**Student:** 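Take this structure first; my questions come after.
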Amino acid sequence: MYILVSASPEDRGRVTLRQVSAEGRVFDSHTVDEGNFAATVELLNEDDVRWVWSDTSYWYPKLLRQSVEVLRCHDLRLCHVILKNSEWTRGASRFEAPNPLWEGIATPSAANTGANTLFDGEESFDGLALQGASSPIDFDESLLEFRRQLEVVAGSRYSERLALLLVAESAGALAAAEMLHYGIPWRADVHARLLSDILGPRPQRGERPAQMEQLVSRIRKALDNPSVNPDSQQDLLRSLKRAGLAVSSTSKWELRDIKHPVIEPLLRYKKLSRLYTANGWNWLDTWVRDGRFHAEYIVGGVVTGRWAAHGGGALQLPAVVRPAVVADPGWKLVVADAAQLEPRILSAISGDVAMADAGRGQDLYQALVDRGVVDTREHAKIAMLGALYGSTTGRSASLMPRLVAAFPRALRLVEDAAREGESGGIVTTWLGRSSPSPEGEWWVELIRNPESPAEPRREKARSKARAWGRFTRNFVCQGSAAEWALCWLAGLRTRLTQLGDSRARPYLAYFLHDEVVVHTPEEYAEEVVELVREAAAEAGRLLFGVFPVEFPVEAIIADSYSDAKK
DNA sequence: AGCTTGAGCGCC
DNA sequence: AAAAGGCGCTCAAGCT
């Protein structure tokens, strides 16, 4: 059963909830003040309801603030974008014209941007506002869009897969809103102690922490330049050259191999500076409230379907601050990650049984060594990453022939994806998310001048074509892996809601591409580990049916996120 | 004064 | 030991 949630621009502050059928028949209808929205949803919130709304990141936080959770939804905006771009819906003309109403980009909340909110007088809230939607989307428009989407899916190639993708994307949107709401348990005291241990006491405004200041003195002495500012790339580079170092940049991998008294303090300075600026006291003040870091995810924010994040760098929490992620007293963290997800995904989408075989029940990289494909686990990893990313040089490239010989089907799939991209084409993930068309005219140049000699313009176009080929090569693997991860997350989320009572229930706290953290009462921790594995197996079946690929999960029960070794 | 860009570095 | 895919955040520097 579907209940469509909408708001009309003429009827500001009112929300309409209407029960509809897939054919568009309208049954029950309620129009309520926004203040009664959550209570009305709670009243209608049967297990078999799928809530259909314009945008989960707009509507769902309103419910969560009133402690109302829903099981399932259909996010019209996220689904519209997928269907519009998918190669499988070609010919569905109604999705080909630009439609700003449904293609608005989710942007940071009004607090930061001054963007419109849907209702007057509303405070900024802990979700996303929609810049594309200058006015609320009313019932008629929403229903029309919903019906179009169902039609387009039904008429597409592989409609079951596409339908699964829409369900998974929408479930991900629910999970993201919940994770934003509940937050990651974060011990500000642990974080602050860690900062003062590494950097020294918190400095005054405009000053550097003591440990960094000391390093600056050493750097200046070593370069014989009492005024060099290591924060200024240009200043620093000039000073390094003047001191006789043969460097073309100030990056740490170029500096690392040089022997000079400045290198050690400089590299150390960069490390501390990074911690101080990205995850120092300011970060702590800004992002941690009442023992929680409320990470703002942008579902579908990456073209491949991965999530992006906004504010606080939620998807880039460096290892040094992870000790501050600590379970509440009486609670535990279950930290789980899908081992070697992308290679396993590649084996499945290419139907490479030999490769799937190699990964069964064990470490895929070690299996490559055991089968004599490569000589060390490290080489296996380098070779596999090279296949996924398209490396053309170095150790990785030299290992490639061995991979091709061992897993021809898998390698053919990524090669085909690369060739498609190089010629300006589009590639599509397992569940139907398609890559964008390349921008610029490089491929026109190549088509027009296929045989012209190496001249700068053509060389530039060639180089852009190869870069785009590496992107499309990776797109099919990264994107399909993101789809598996969404299904995993969704399945886990559903399972967790069955545990405990509402006051002490395990919940998703963090999600990072192929990794998930559940915050759980201690007594459920073992069960959560089981559910994490169950959900992974289920995701594999949902995407790949009986194809014999396994998705092993490494899961630990811990007090701190940093207890999970990487 | 406020915006964008590039370098650099953290995460997967 | 370096290099390929995807991101976000910070700073300095250059721009309007």
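Quick note on labels: first sequence line is chain A, next is B, and so on, each numbered from 1. As a basis for the values below, the full set of heavy atoms in this structure was taken, side chains included, without hydrogen atoms, waters or symmetry mates. Since we're looking at a predicted model, the values are computed, not measured.
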**Student:** To the nearest Å, give me how far apart CG (A/L236) and C1' (C/dA13) are.
**Tutor:**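 After rounding, the gap between these two atoms is 15 Å.
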**Student:** Would you jot down, in residue-number order, the residues of residues 243-262 of chain A having a non-hydrogen atom under 4.0 Å from DNA chain C?
**Tutor:**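 Contacts with DNA chain C under 4.0 Å: A/W253, A/R256, A/D257.
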**Student:** Provide, to the nearest angstrom, the distance between the OH atom belonging to A/Y297 and the P atom belonging to C/dG8.
**Tutor:**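 In whole Å, C/dG8 P lies 14 Å from A/Y297 OH.
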**Student:** Report yes if the ring of A/Y389 lies under 5.5 Å from the six-membered base ring of C/dA4 with planes under 30°, and no otherwise.
**Tutor:**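 So no, this residue does not stack on that base, at least one cut-off failing.
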**Student:** Would you indicate what A/L512 reaches in the nucleic acid, counting non-hydrogen atoms under 4.0 angstrom: base, sugar-phosphate, or nothing?
**Tutor:**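 Contact class for A/L512: sugar-phosphate only.
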**Student:** Which nucleotide, C/dG5, C/dC7, C/dA13, lies nearest any side-chain atom of A/V303?
**Tutor:**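 That would be C/dC7.
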**Student:** Between C/dA4, C/dC7, B/dG8, which nucleotide has the shortest distance from any of its atoms to the side chain of A/R470?
**Tutor:**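 Looking only at side-chain atoms, A/R470 lies closest to C/dA4.
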**Student:** For the side chain of A/R395, starting at C-beta, report the closest nucleotide among C/dA12, C/dA2, B/dG10.
**Tutor:**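 The answer is C/dA2.
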**Student:** Just how far, in rounded Å, is P of C/dA2 from CD of A/E378?
**Tutor:**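 Roughly 13 Å, once rounded to whole Å.
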**Student:** Does A/A319 reach a base, just sugar-phosphate, or nothing at all? Heavy atoms under 4.0 Å.
**Tutor:**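 A/A319: backbone/sugar contact only, no base atoms under 4.0 Å.
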**Student:** On the 0 to 90° scale, with breaks at 30° and 60°, tag the A/Y297-A/Y510 ring pair as parallel, tilted or perpendicular.
**Tutor:**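 A/Y297 vs A/Y510 ring planes: tilted.
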**Student:** Verify the ring-centre separation between A/W430 and A/F544: is it less than 6.0 angstrom?
**Tutor:**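 When the ring centroids of A/F544 and A/W430 are compared, they turn out to be within the sub-6.0 Å range.
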**Student:** For A/T392, is there any backbone N or O sitting under 3.5 Å from a side-chain donor or acceptor partner on A/S396?
**Tutor:**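 Judged by distance alone, no pair lies under 3.5 Å.
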**Student:** Counting distance alone, no hydrogens or angles: does the base of B/dG8 have a donor or acceptor under 3.5 Å from a partner atom on the side chain of A/Q233?
**Tutor:**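 Not at all, since no donor on one side and acceptor on the other fall under 3.5 Å apart.
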**Student:** If you check every side-chain atom of A/N229, which of C/dA12, B/dC9, C/dG6 has the closest atom?
**Tutor:**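 From the listed options, C/dA12 comes nearest.
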**Student:** Scan residues 399-433 of chain A against DNA chain C and write down, sorted by residue number, each residue with any heavy atom closer than 4.0 Å; if none is found, say none.
**Tutor:**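 Listed by number, there are none.
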**Student:** Considering every strand and a 4.0 Å limit on heavy-atom distances, what is the contact class for A/G301: base, sugar-phosphate, or nothing?
**Tutor:**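 No contact.
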**Student:** Using heavy atoms to find the nearest nucleotide of DNA chain C for A/G311 and A/F471 separately, return the residue whose nucleotide is more 5′.
**Tutor:**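 Checking each residue's closest nucleotide, the 5'-ward one belongs to A/F471.
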**Student:** Could you state the atom-to-atom distance from CG of A/L341 to C1' of B/dC12 in whole Å?
**Tutor:**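 Value for this atom pair: 10 Å.
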**Student:** May I ask you to check whether A/S249 and A/E254 show a side-chain donor-acceptor distance below 3.5 Å?
**Tutor:**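 The criterion, which ignores hydrogens and geometry beyond distance, is satisfied for A/E254 and A/S249.
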**Student:** Give the rounded distance in Å between these two atoms: CG of A/L489 and C1' of B/dC12.
**Tutor:**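 Distance check: A/L489 CG to B/dC12 C1' gives 15 Å.
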**Student:** Do side-chain atoms of A/S347 reach the backbone of A/R344 as a donor and acceptor pair under 3.5 angstrom?
**Tutor:**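 Yes; judged by distance alone, with no hydrogens or angles, the pair exists.
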**Student:** So does A/L431 get a backbone contact from the side chain of A/E483, meaning a donor-acceptor N/O pair under 3.5 Å?
**Tutor:**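 A pair under 3.5 Å: yes.
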**Student:** Could you tell me how the ring of A/W287 sits relative to the ring of A/F293: parallel (under 30°), tilted (30 to 60°) or perpendicular (over 60°)?
**Tutor:**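 If you compare the ring of A/W287 with that of A/F293, the planes turn out perpendicular.
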**Student:** Indicate whether the side chain of A/S350 and that of A/D352 have a donor and an acceptor atom separated by less than 3.5 Å.
**Tutor:**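 There is no such pair (donor and acceptor under 3.5 Å, judged by atom type) between the side chains of A/S350 and A/D352.
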**Student:** Touch check for A/G390, heavy atoms < 4.0 angstrom, all strands: base, sugar-phosphate only, or nothing?
**Tutor:**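 Since no nucleic acid heavy atom lies under 4.0 Å of A/G390, the category is nothing.
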**Student:** Round to a whole Å and report the spacing from CG of A/L385 to P of C/dG6.
**Tutor:**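 Rounded to whole Å, this separation is 15 Å.
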**Student:** Does either side chain, that of A/T428 or that of A/S434, offer a donor lying less than 3.5 Å from an acceptor on the other one?
**Tutor:**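 Yes.
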**Student:** If we count only N and O atoms by modelled type, under 3.5 Å, do the side chains of A/D75 and A/Y58 hold a donor and an acceptor together?
**Tutor:**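 Their side chains do not contain a donor-acceptor pair, so the 3.5 Å distance test is not met.
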**Student:** Are any side-chain N or O atoms of A/D514 and backbone N or O atoms of A/D337, one a donor and one an acceptor, separated by less than 3.5 Å?
**Tutor:**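 No.
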**Student:** Measure from CH2 on A/W287 to P on C/dT10 and round the result to the nearest Å.
**Tutor:**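 Nearest whole value for this atom pair: 9 Å.
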**Student:** Output the single nucleotide from C/dA12, B/dG8, C/dA4 whose closest atom is nearest the side chain of A/R274.
**Tutor:**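 That would be B/dG8.
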**Student:** Tell me which of A/T304 and A/G313 sits closer to the 5' end of DNA chain C, going by the nucleotide each one is nearest to.
**Tutor:**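 With A/T304 and A/G313 compared, the 5'-side residue is A/T304.
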**Student:** Taking only N/O atoms, report every protein-nucleotides 14-16 of chain C pair under 3.5 Å with atom names and distance.
**Tutor:**
none

**Student:** So, do A/W283 and A/H191 have ring centers that fall under 6.0 Å from each other?
**Tutor:**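 Aromatic pair counts; centres sit under 6.0 Å.
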**Student:** Of the candidate nucleotides C/dT10, B/dC9, C/dA3, which contains the atom at the shortest distance from the side chain of A/T393?
**Tutor:**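 Looking only at side-chain atoms, A/T393 lies closest to C/dA3.
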**Student:** Can you tell me which residue among A/L245, A/L240, A/L266 is in a side chain to side chain contact (heavy atoms under 4.5 Å, CB included) with A/I258?
**Tutor:**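 That would be A/L245; it is the only one of A/L245, A/L240, A/L266 passing the side chain to side chain contact (heavy atoms under 4.5 Å, CB included) with A/I258.
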**Student:** For A/L267 and B/dG8, what is the distance between atoms CG and P respectively, to the nearest whole Å?
**Tutor:**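 Computing the A/L267:CG to B/dG8:P distance gives 13 Å.
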**Student:** Indicate, yes or no, whether a donor-acceptor pair under 3.5 Å links the base of C/dC7 to the side chain of A/R306.
**Tutor:**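 Absent.
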